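Heads up, the thing below is written out as structure tokens.
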Amino acid sequence: MRLLPFFALACLLVCGGLRPAVAQAQQQGVQRCTTMSGDTVYTDKRCEDVGAMDRLPSASTAMAATGALYRGGCSRTLSDLVMQVSSAIQAGDVNRLAGVYHWAGTSDAGALRILDRLDVVVRRPLVDIVPIRPAPAPVLDAEGAVVDANQDGYYPQTTTQRQRPVGLRVVQTLKNSATPADTTFGLRRAYNCFWITL
């Protein structure tokens, strides 16, 4: 009889200890990850556990709480630029998004129009950021005549190296609806950094 209360207490402690782990697993859900080759992988594990990275990196809790981000320079890699754009949109900070924009050669009136467009982008919920690759080369015969314009990209390319993105498509929805709204940014490389353009 004396063991019964002890056994009940032990069961409560064990069940109570398992509940946070189950809640954390349910909260995590299915992750959308990108492999190093650019393929999309869905998993219930962390992206790092399957050798991939988060499709849309989330801002750290400290950065989200303060709304500030220390940037020790410009975005030297495309993944860093995607992180900057993603965190700016998730924070709703048009100034942070303007910080990765290539402003060289922009007039005052042009800058105001661009800031208005960037403001619209940061006010909408972010769904995804997708790289835009250049159009595939046409298929040529032995004499150099075009056999197929290859607009659909069906025929395999002769180069084995994957082409670099030429732009980023920011996939969003209109505020308080499920209507899709895409914004396409061009990519510019200047000062050994990546920048977005409209």
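All of these numbers come straight from a predicted model, not from anything done at the bench.
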Solution key, residues 110-122 side-chain donor-acceptor pairs under 3.5 Å, sequence neighbours excluded:
from: D119; atom 1: OD1; to: R123; atom 2: NE; distance (Å): 3.4
from: D119; atom 1: OD2; to: R123; atom 2: NE; distance (Å): 3.0
from: D119; atom 1: OD2; to: R123; atom 2: NH2; distance (Å): 3.3

Please find the pair of heavy atoms, one from [X] and one from [Y], that lie closest to each other, and give the distance.
X	Y	answer
R76	Y191	NH1-O, 3.8 Å
R164	R133	C-NH1, 3.9 Å
P131	L168	CA-CD2, 4.1 Å

Which pairs of donor and acceptor atoms, one on a side chain in residues 179-189, lie under 3.5 Å apart (sequence neighbours left out)?
from: T183; atom 1: OG1; to: R124; atom 2: NH2; distance (Å): 3.0
from: R189; atom 1: NH2; to: N192; atom 2: OD1; distance (Å): 2.8

Mind running side chain to side chain contact (heavy atoms under 4.5 Å, CB included) on V85 and L126 for me, showing each step along the way?
CA-CA 10 Å; V85 171; L126 179 65; over 6 Å; no

May I ask you to list the residues sharing a hydrophobic cluster with V166, side-chain cutoff 4.5 Å, ordered by chain and number?
I132

Under 3.5 Å, is there a donor-acceptor pair between the side chain of W103 and the main chain of A98?
yes

Could you walk me through whether L198 and Y101 satisfy the side chain to side chain contact (heavy atoms under 4.5 Å, CB included) test, starting with their C-alpha distance in whole Å, then the side-chain angles of each, then the deciding distance to 0.1 Å, before giving a yes or no?
CA-CA 9 Å; L198 281 172; Y101 191 87; 3.7 Å; yes

To the closest 0.5 Å, what do you measure between CZ (F194) and SG (C74)?
10.0 Å

